[in-house]
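Just below is one structure, and these are the notes that go with it.
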Amino acid sequence: MKRKQIILVISLLLAVMLSGCGSNGMYRIIFVTEGEHTISNISSGELIILGGTVTIDENAALDGSAHLVSGMLTLEGTIHEDVSALGGTLQLGDHAAIEGILNHGGGKLEGNAVENVAAKVNTGTGIQIPELTSPQRETAFLQLSRFIINAALLGLLALGVNRYLTRQMALIGETIFQHVWVSVSMGVLVGIVGLSLVVLMAYTILLIPVAMFGFFVFALSIIFGWISFAIFVGQRAAPEFSSTKPKLFIFSSVFLTILGMNFISLIPIVGPITNILFGVIGMGAVFLTRFGMRRFVPETIFNQY
Amino acid sequence: MNFRELFQQRNWPAIFGYFLFIGMMAAGYYYNLTFVQLGLEDFTSRQLGLHAADTAQNMALLAICTCLIALASGWWMAKNDLHRKFQYKLKISFGVILTQLVLTYAIPFVHSEIWFTCWLILASAALGVGVPTMFSMTADLIPVRDRGYAAALVTASSYFAAAVFSKEWTVEFFRQQFLWILLAGAIGVGTLAFIKHPWIEALASQHLDPAFGIGRFVRTRSGQVIRPSRRVRALVLAMFLIYFVDSLGFLRMLKVPGLMDSSWQSPLVADRLFIAVVHVVGALIGGVLYSTLNERHLFYWIFGLFALTHLQYSLHIRTMGEGEITLALPMLYALAVSLYTVVNFAIWADLSTPETISINAALGVALSAWTATFLSTGLAICWQEQGMPLERHIQIVDAVAMIAFIGLIVMAFFRKGVKTQ
């Protein structure tokens, strides 16, 4: 019993450690929805203004990008990256400096954009889609290390999970492969509805703990899906290896699959879509089997024609 | 038997049957969604200058007449064994399309309420006869295993067209669109109805194949057909509630420019395209899930989605007023609507045999769709006239959806088997 508990604790710790494999480590976003705010020194991260007023003082700087959706941004100091104005009012003072690009898609622009903007100014339909920029660029070595650690942690987690939930993992994997379209459909539905519900609950403030629990269940279902998928693929690819060295097999299956998924994510457009699809299929299969608690059998057509 | 098997067998008449059914149903539903539901309301208020209450009365007349005519023609079709006469059904469909073509052409010449009432009675006759006729063709053209997918394609194409191509919600715009569509439809269906071709003969005998004829929820035990009468009643009630919730909420939102201008009536093609794509995705999901899940699970999803959507809308109205909305809200709405439309297109045929399909479809569509739409339209207009705030209106709709959702879960605990006849 004690051993079981230790393995459970280690598995949970591994799951928590996965959060450290987030793409770029520390990340900061300042959301402003109402009220008056002033930045009077150097502030790092993204600034997103959905309402209210923000002033960046003359000697102050924003080490990131600013996104103005509504409200007002008065710039007297410096913004080191881009500014995207989609609505509201952007006031550029005499000493204002935008070191990146100014994307002026909507709203009011006051001040001299040509003098204040170091790079180019995009207006109207020519604007670029606002993008949250990375606070620090990752080196290839760091990225590779992150991929390997991520895959290794998930591999270790799979060992712990599969020890007690072997049947459940097998059922999820089986559902992914035998009912792929049903898994996709259920995954998309659960994803859209679940995310909307979680955001709605978080919005009420009172239900934030429930929303956090919802996110946890979401993340767990995706991880369960990935692990089951990887084990199932491994069993099909190397059936002998799975019976002779089961632990090493599980670890290596998950490690290689997750590593592969990480590399696929580097391919522009196709990569993220593929990874979202993997997540959706896994989540769908997890929900169809109720976390592997039952075999998913499609509603049979009573008259078998 | 399904599409893939039929394709492998090179069974071209059966494959043609898929296209015929999906094309006819999609065009019919597109006409109903746009010209009948949106165009006529615009016509009565803008062209005839009728008040909201008078418009509601006219729409009620349309609903009641359609309901009665659908039931009568469904019963008449069942009584006269029309399920055996495929080409006869094509001839009736041709008559329906031709009537709709003439009525659509004639609408600008209607200048008074009395003439409009006459026009409505003729329109409801066409709709009332069309519903059981076209639904009963499911048993002739679509095998049981593919009904969910066929319904998904009908839903996806009609909603996609309605969301993308309905630039203006005016009767003139819809009339111009439909004159060409109905003309093409009349020529096509008319040709099929009056020619003698081996393909038509092949399609006419398909309902004799049990893979086509006997619906998914009709069980057979040692040759005896067990009719799911309890299930029919429960599903008519469930579909009634869905239509009621949908219409009651949407009819009120329709009157709020802030909500519509940033979604269904957005001047930006991208916004309308987004909603159209969500409709398509929702319909395809509905098609897959209808074919694989118990219908009860689908109803959980539909009611749950409607409850969540209206909750989101009421929260938006409470915090941001009646201003612009993000596309996340219509996205949820479109998803729910697509799911239930797929169920509506497939379920009546799946509850029936070729003998009972016309009466079951008439009962289902008349009692659930038309009655619910009529009641909710009247109620929505009445509440608006009484000055009920939008927020309160949406909250009530949300409550109805929530009660239906919870009621369905509670009912599952008291579930009994199907009745044997």
Side-chain angles (χ1 to χ4, degrees), chain A residues 33-34 50-51 69-71 86-88 105-106 125 129 175 178-207 211 214 276-277 280-281 283-285 287-290 294-305, chain B residues 1-2 5 143-149 152 209-221 225-226 228 278 281-282 284-298 301 304-305 307-309 311-312 314-316 319-320 324 328-329 331-332 334-336 339 350 353 418:
Chain A
T33 55
E34 60 181 4
L50 301 173
V69 179
S70 186
L86 300 174
T125 51
I129 297 164
T175 307
Q178 288 185 359
H179 307 288
V180 62
W181 290 112
V182 191
S183 300
V184 172
S185 303
M186 183 55 83
V188 172
L189 208 55
V190 169
I192 293 174
V193 174
L195 270 178
S196 305
L197 194 64
V198 162
V199 171
L200 186 72
M201 285 193 292
Y203 204 68
T204 62
I205 297 174
L206 190 72
L207 291 175
I276 287 171
L277 204 63
V280 161
I281 295 173
M283 194 160 64
F287 278 88
L288 282 170
T289 57
R290 294 179 192 161
R294 58 160 210 173
R295 184 184 298 275
F296 171 68
V297 182
E299 173 77 357
T300 46
I301 296 167
F302 298 121
N303 300 299
Q304 294 288 335
Y305 299 114
Chain B
M1 193 177 286
N2 61 10
E5 286 167 19
V144 178
R145 274 170 63 181
D146 279 349
R147 282 186 186 159
Y149 305 114
D209 182 347
F212 281 81
I214 299 172
R216 175 180 159 185
F217 301 120
V218 182
R219 301 177 190 214
T220 53
R221 196 176 295 151
V225 172
I226 306 165
V278 173
V281 171
L284 296 179
I285 289 174
V288 173
L289 296 186
Y290 177 85
S291 307
T292 47
L293 294 189
N294 186 314
E295 80 279 11
R296 203 155 31 90
H297 288 105
L298 269 177
W301 275 108
L305 260 170
L308 176 65
T309 310
L311 191 66
Q312 296 260 34
S314 64
L315 195 73
H316 171 85
T319 53
M320 316 276 276
E324 287 189 1
L329 275 74
M331 176 184 75
L332 283 175
L335 207 56
L339 283 183
D350 273 345
T353 59
V418 290

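When reading the values below, keep in mind they use all heavy atoms of this one structure, side chains included, and skip hydrogens, waters and symmetry mates. Just so we're on the same page: letters track the sequence lines, and every chain starts at 1.
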Can I get a per-line list of side-chain donor-acceptor pairs under 3.5 Å for residues 187-200 of chain A, giving both atom names and the distance, sequence neighbours left out?
residue	atom	partner	partner atom	Å
A:S196	OG	A:I192	O	2.8

List in chain and number order the residues that pass side chain to side chain donor-acceptor pair (under 3.5 Å) with B:Y290, two or more places apart in sequence or in another chain; answer none if no residue qualifies. B:D350

Per-residue tally against chain A (heavy atom, under 4.5 Å) across B:L339, B:L305, B:L315 peaks at B:L315

Is atom CZ of A:R294 surrounded by more than 12 heavy atoms (other residues, nucleotides or ligands) closer than 6.0 Å? yes

With a 4.5 angstrom heavy-atom cut-off, is it the side chain or the backbone of B:L293 that approaches chain A, or both, or neither? both

When A:S185 is tested against each of B:L289, B:T292, B:L284 for side-chain contact (heavy atoms from CB on, under 4.5 Å), which residue passes? B:L289

